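For reference, the structure is listed below as C-alpha cells.
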Amino acid sequence: MPSQSVSTPRADILVIDDTPENLNLLSAMLTEQGYKVRSVTKGSTGLRGATAAPPDLILLDINMPEMNGYEVCEHLKANERTREIPVIFISALGDVLDKVKGFAVGGVDYVTKPFQVEEVLARIENHLTIRRLQKQLQTQNEQLQQEIRSRQLAEERFAKAFRSSPNPIAIATLEEGRFIDVNPSFLRFCGYSLEEVIGHTATELDLPSASQTLAYTIQKFQEMGSLHNQEVEFCTKTGELKTILLSIEFIDIANVQCTLLIANDITERKRLENEFISLVSHELRTPLTSIMGALDILGAGKLGTMSEQAQKVLSIATSNTERLIRLVNDILDLERMKSSKIVMHKVKCNAVDIMVQATEAMQAMADNSQVQLVVNPLNVELWADSDRLLQTLTNLISNAIKFSETSDTVWIGAEVIEDKGNSLSASSCASNSLLITVRDQGRGIPEDKLQTIFERFQQVDASDSRKKGGTGLGLAICRNIVQQHNGRIWAESTLGEGSTFYVLLPLASS
Ligand code: ADP
C-alpha cells in the first residue's frame, strides 16, 4: 500500500546489516512504502554514510563482524552530526539481545527477525514522528529564545531611555491615577522620593496647582484619547510653582490601562517671557500717558480749532491710545496678581451689592448697544475683595454685551449651591458656595475654545480685539481673581445661541 508519491520520499532510512537477504527484504519493504532507503553491510561504511549525509532514521543489526551494532551506535552518538538520529536495533529471534545495553548506548527501539512487516513499519513511523516533533520543538525553542533576546534588548533600551530621559516621565493607572513608575527626572522635578510617589495620586501629593488646570487637562485627555503639550501648573514638594508642557498617552501594561505622562519644564522660559512682557509694558506706560495727554489737549481745542476731518482722525487716535493703555494696564495687573504683588483684601460683603453695582456700571454700555440687562441678585454674604469681584463681574457683563446683538438680553443671576461632588473646599466638611451666572444670547463660543479663552491673549477670533476693543486679558484676570478667592470660573456655550459664564465662590461661614 504505497501511500506517498515517488518524487517526495517519506523519509531517508539507512539500513546497516551484514546479511544481504535481510538487507534486500528490508529495502524492498521500505521502498514499497515510499521511503528512500540506503543499505550497507558494514558498520564502518554505515558510519561514513551517516556522517556524510545524515539519514532520518537508522536500522542497525547487532551481530556484525568487525564492529557490532552497539559499537556503531556508540560512534553515532559520539558524533555531533549523527547524535540525534534515531537508531532501531535489529536482532534475530535466537540472538541474545541485551535490550538494556541497546538503550544504554543510545538506541530508541528494536525489531526482531523474522520481521513482522506491520510492526517494523509502525515502529519506524513512530520514531520518525517523535524525531519530527523533536525537531519542531527545537526550532520553536530557538525561535522563542530569539524572541526573548530581542524583547530583553528592547526592554533594556526602553528602560535606559526612561531612566535617563531629561524630561520628567511618569506612568500612572488610568482608573485611579496612581503612579506605578516614575523616572529620576520626575523625582528631581517634583522633589519627592520614589517611595513617596509610587502608589499615590497627583492630588494626594498636592501636585496640581490651585489653578486646577491639571484636573482639566486629565479630563480633556480622557475625552480626546491623547494630549500634546498642554500647559499646566504644577506644585513641587517645597511649594514651588512650575509650568510644564504635559503630553499624555494611553498605554496598556500587563492588561492594566495606564497613562504615560511626559513633562517639559518651561518654568524658566515662562518667567523670562513674563518678565519681558512686564518690562515692555512698564516702558510703554509713560509715553502712552503723555500721548494721551497731548491728544486731550488737542481734543479740547486748546491749540486751535480743528477741521471736522482732523477731529475724526483725532478721535481714532484717542480710541486706539485708550486701547493700548487698557492693554498695558491689564498686562501689568495680571503680572502683579500672578506674582502675588496684589493682595486680595477680603472682607465680608454682600452678593447683592456687587451684582447690582456691576450691572449699574455696565448699563451705559448696554444702552449704547441696545442690549437689555436683567439682574436677579441674591442676598448672601461672601468673604471677598469686593473691588476685585466687581472687576470680574463687570468684565463678564461687558463681554456678554460686546458679543450680543441689538435687542438681545443679558441675565445676571445667582444661586446657592450645596457643596458635595462639586466641592471647592479641600476638607471633607461640606460648605455652601455661591454660583453667579452671566448669560447672553450672543454668537456663542466654540467647544474647543471654552477653556483656552481663560488663557492670556486668547480670543475666539483674532480680529476680536480690533473689532470689539478687547485685550484678550480680561478672562485671564477674572480667573486669577476667582482662584485667589478659592473659587472656580468656567463657561458653557452653544454656537449661535449664546454663552453662560459661571463663577463659583465659597460663602462666608456664619
Ligand atoms: P477680550 O478683551 O478680548 O474680551 P477676554 O479675555 O475677556 O478678552 O475674552 C477672550 C475672548 O473670549 C474674547 O475675545 C471672545 O473671543 C471670547 N468671549 C468672551 N466672552 C464671550 C461671550 N460672552 N460671548 C462670546 N465670546 C466671548
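Atoms within each ligand, like the ligands themselves, are counted from 1 in listed order. No experiment lies behind these values; they were computed from the predicted model shown. Throughout, residue positions are numbered sequentially from 1 according to the sequence presented.
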Donor-acceptor pair, [X] side chain versus [Y] backbone, under 3.5 Å?
X	Y	answer
T243	E233	no
S290	T286	no
N183	P168	no

Tell me which part of [X] gets within contact of ligand 1: side chain, backbone, both or neither, using heavy atoms under 4.0 Å.
X	value
I445	side chain
F454	neither
Q458	backbone

Close-contact set for ligand 1 against [X] heavy atoms, below 4.0 Å:
X	result
S499	24 (N)
G474	5 (P), 6 (O), 7 (O), 8 (O)
V460	16 (O), 17 (C)
L473	6 (O), 8 (O)
K402	1 (P), 2 (O), 4 (O)

Where the closest heavy atom to atom 20 (N) of ligand 1 is concerned, which of V438, N399, D440 has it?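 Nearest option to atom 20 (N) of ligand 1, by heavy atoms: N399.
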Result of checking I325, D330, L332 against V328 for side-chain contact (heavy atoms from CB on, under 4.5 Å):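 Of all the options given, the one that passes is L332.
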E125/R10 salt bridge by N-O under 4.0 Å criterion: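 Counted as a salt bridge, because a side-chain N and a carboxylate O are separated by less than 4.0 Å.
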Charged N to carboxylate O below 4.0 Å: is that the case for D181 and R163?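 Yes, D181 and R163 are salt-bridged.
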Check this for me: E273, atom CD, are more than 12 non-hydrogen atoms of other residues, nucleotides or ligands nearer than 6.0 Å?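 Correct, the count exceeds 12.
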Mutual orientation of the aromatic rings belonging to F186 and F234 [parallel < 30°, tilted 30-60°, perpendicular > 60°]: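 Ring orientation of F186 relative to F234: perpendicular.
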Within the structure, does L475 bring an N/O atom to less than 3.5 angstrom of an N/O atom in ligand 1?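 Looking only at distances, the answer is yes, because the N/O contact criterion of under 3.5 Å is met.
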Just distances here: any N/O of G444 and N/O of ligand 1 closer than 3.5 Å?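 G444 vs ligand 1: no N/O contact under 3.5 Å.
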